[in-house]
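Presented below is the structure to which this report refers.
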Amino acid sequence: MNTTVLDVKGMACPMPIIKTKKSMQDLNTGDVLEVHTTDQGAVADLSAWAKSGGHEVVDHKEEDGVITFWIRKG
């Protein structure tokens with residue numbers, strides 16, 4: 001299993017979703033994408049996007065205004 005880091009800090013919606021979607025295409029099933037964002041809307045957006053795409057949000061946390069997601073490719 002590989003983990004890839006995607007830094008979309010400072011980007012406003014819809015860019016975090018667009019960049020996440022593009023990065024996911026390069027991963028193998030079971031790989032994890034670690035996404036760093038400052039967009040508060042991404043909490044709901046990324047969770048909904050992952051679910052609709054058959055991916056799993058393994059975890060997410062917020063620290064110092066940066067939200068980190070770990071999304072496993074389905």
Side-chain angles (χ1 to χ4, degrees):
M1 178 186 79
N2 292 319
T3 299
T4 302
V5 176
L6 174 65
D7 183 352
V8 290
K9 294 190 293 284
M11 294 184 186
C13 189
M15 288 312 293
I17 295 287
I18 292 169
K19 297 273 190 186
T20 299
K21 186 176 181 181
K22 187 175 187 316
S23 293
M24 275 297 210
Q25 292 171 347
D26 298 334
L27 300 182
N28 295 314
T29 300
D31 285 351
V32 172
L33 182 63
E34 181 178 319
V35 183
H36 299 226
T37 182
T38 50
D39 179 15
Q40 289 295 325
V43 175
D45 294 347
L46 279 174
S47 297
W49 173 83
K51 188 175 183 180
S52 71
H55 309 300
E56 175 194 0
V57 176
V58 180
D59 197 8
H60 81 275
K61 69 172 184 171
E62 184 171 352
E63 193 173 288
D64 299 327
V66 177
I67 306 158
T68 304
F69 283 88
W70 289 270
I71 304 172
R72 180 176 288 120
K73 182 169 181 170

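This structure is a prediction, so every number in the text was calculated from the model and none was measured. Counting begins at 1 with the first residue of the sequence.
- Annotation: side chain of Val8 is in contact with side chain of Val35 (closest heavy-atom distance under 4.5 Å).
- Listed by chain and residue number, nothing satisfies the side-chain hydrogen bond (donor to acceptor under 3.5 Å, both in side chains) test with Lys21 (two or more places apart in sequence, or in another chain).
- Nearest approach of Phe69 to Ser47, heavy atoms of both residues: CE2-OG, 4.1 Å.
- Two different hydrophobic clusters hold Met24 and Val32 under the rule that ILVMFWY side chains link at heavy-atom gaps under 4.5 Å.
- Within the structure, no pair that satisfies the ring pair (Phe, Tyr, Trp, His ring centres under 6.0 Å) test touches residues 21-45, not counting sequence neighbours.
- The closest side-chain heavy-atom distance from Asp45 to Pro16 is not below 4.5 Å.
- By the 4.5 Å heavy-atom criterion applied to side chains, Ile71 and His60 are not counted as neighbours.
- Counting heavy atoms from C-beta on, the side chains of Leu33 and Thr20 come closer than 4.5 Å.
- The closest side-chain heavy-atom distance from Thr68 to Glu34 is below 4.5 Å.
- Rounded to the nearest 0.5 Å, atoms CG (Leu27) and OG1 (Thr3) are 9.5 Å apart.
- Side-chain contact between Ile67 and Thr38 is absent, with no heavy atoms from C-beta onward closer than 4.5 Å.
- The shortest non-hydrogen separation linking Arg72 to Gly30 is CG-O, 3.6 Å.
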